[in-house]
Amino acid sequence: MSVLVYVEQADGKFKKSVFEAVSYAKAIADNQNTSLTAVSIGNVAEADLKELGKYGAAKVLNVATDQLKNFVNQAYAAVIAEAATKESANLIILSNSFSGKGLAPRIAVKLKAGLVDGAVEMPNFDGGFSVKKTAFSGKAFAVTTLTSENKVIALNPNAFGVKENAVDATIENFNPEVKATDLTAIVKEIVRATNKISLPDAELVVSAGRGLKGPENWGMIEELAELLGAATACSKPVSDADWRPHSEHVGQTGIAISPNLYIAIGISGAIQHLAGVSSSKVIVVINKDPEAPFFKVADYGIVGDAFEVVPKIIAALKAH
Ligand code: FAD
């Protein structure tokens with residue numbers, strides 16, 4: 001078995017979840033005593049491609065064409081599948097990111113591969129190839145056994161961690177032919193709505209719910225987030241009421257996140273909300289109701305009024 005990892009770029013840069021996917025792929029390649037190749041699509045600087053060696057990618061296929069500068073689902077999937085064929089790779093790893101969720105099944109179809117999306121652990125090789133993954137929007141775990149020769153795994157961000165395992169990366173230009181039929185929809189330009197920390201990539205998240213009473217009270221949430229270097233998030237009713245943008249809505253019908261720290265302020269902890277945040281490494285809950293369901297999954301809890309507690313935390317952080 002040889003392993004191929006797709007390294008997703010945004011604006012020519014790799015995100016932390018990419019280094020995590022490479023670390024994960026390297027751990028599997030080492031376990032199976034095989035080689036690891038990365039494939040990058042888009043315009044990434046040579047120094048950044050070389051950096052992938054720090055996490056274990058000995059070879060990087062660089063597909064640098066203006067045609068594929070921005071993400072196009074069909075075309076990217078075709079290129080990754082072709083890279084897998086070229087490298088005789090039968091295990092393809094990628095991040096279970098927004099684009100990874102679209103790519104993984106397409107690659108699996110092209111390679112007639114079994115697919116595990118939302119993997120949270122290393123595969124278990126004892127008597128087969130089984131992978132633990134999230135199921136039912138993060139409400140449960142499932143263990144899937146792949147019996148096909150080709151396999152695709154989409155790894156949940158922040159599930160494995162970044163592990164350095166330095167090798168010298170050699171970069172090889174790869175120019176597969178891109179079919180016109182795979183380029184029927186092209187992203188010409190990506191305009192960022194905000195320069196704030198992007199929620200899916202954030203290590204720290206400060207989130208608030210209907211307990212905040214109205215959009216005028218979000219000043220303290222933003223101030224706390226800024227002091228911590230955190231992204232802001234919210235519950236669904238908050239974004240439904242237009243108190244906050246929909247891009248901040250987390251949960252079953254919003255974004256699923258797994259930051260190192262999730263601070264939930266004035267959020268009850270409904271199962272649909274927990275579906276998107278319960279894999280956070282540490283959860284801190286601030287709620288005035290001691291019976292709020294969120295406390296059941298909290299690592300730390302403060303029973304108190306957000307309008308008293310949050311200003312005190314801000315003052316304490318400023319004092320340091
Ligand atoms: P509430 O339930 O109103 O809770 C407010 C909380 O704030 C309470 O616990 C209260 O004790 C506390 N509070 C009030 N005042 C204060 C104060 N001064 N200080 C401290 N605490 C205070 N929800 C999501 O969030 N994400 C989803 O993706 C999602 N998807 C859904 C999908 C479906 C199909 C359905 C049916 C529902 C979905 N929901 C989702 C809605 C979910 O069921 C809850 O209704 C929602 O999460 C509640 O939001 P909330 O906790 O902000 O508000």
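Owing to the predicted nature of the structure, the values given are computational and were not obtained by experimental measurement. Both ligands and their constituent atoms are indexed starting at 1 by order of listing.
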Main-chain N/O of I171 paired with N62 side-chain donor or acceptor, under 3.5 Å: no

query: Within the side chain of S23, is there an N or O that forms a donor-acceptor pair under 3.5 Å with the backbone of K163?
result: yes

message: Any heavy-atom pair between the side chains of E223 and K318 that's under 4.5 Å?
response: yes

message: Could you check whether D117 pairs with K101 (Lys NZ or Arg NE/NH1/NH2 to Asp/Glu carboxylate O, under 4.0 Å)?
response: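 Salt bridge between D117 and K101, a charged N being under 4.0 Å from a carboxylate O: no.
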
Charged N-O contact under 4.0 Å between E308 and K288: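 Salt bridge: no.
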
task: Might you list the protein residues in contact with ligand 1, defined as having a heavy atom under 4.0 Å from one of its atoms, sorted by chain and number?
output: G209, R210, G211, K213, S235, K236, P237, H249, V250, G251, Q252, T253, G254, G266, I267, S268, A270, Q272, H273, N287, K288, D289, G304, D305, A306, F307

- prompt: With sequence neighbours left out, which residue pairs that include part of residues 301-320 fulfil the ring pair (Phe, Tyr, Trp, His ring centres under 6.0 Å) condition?
  reply: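 Every candidate ring pair (Phe, Tyr, Trp, His ring centres under 6.0 Å) pair involving residues 301-320 fails, so no pair, neighbours aside, qualifies.
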
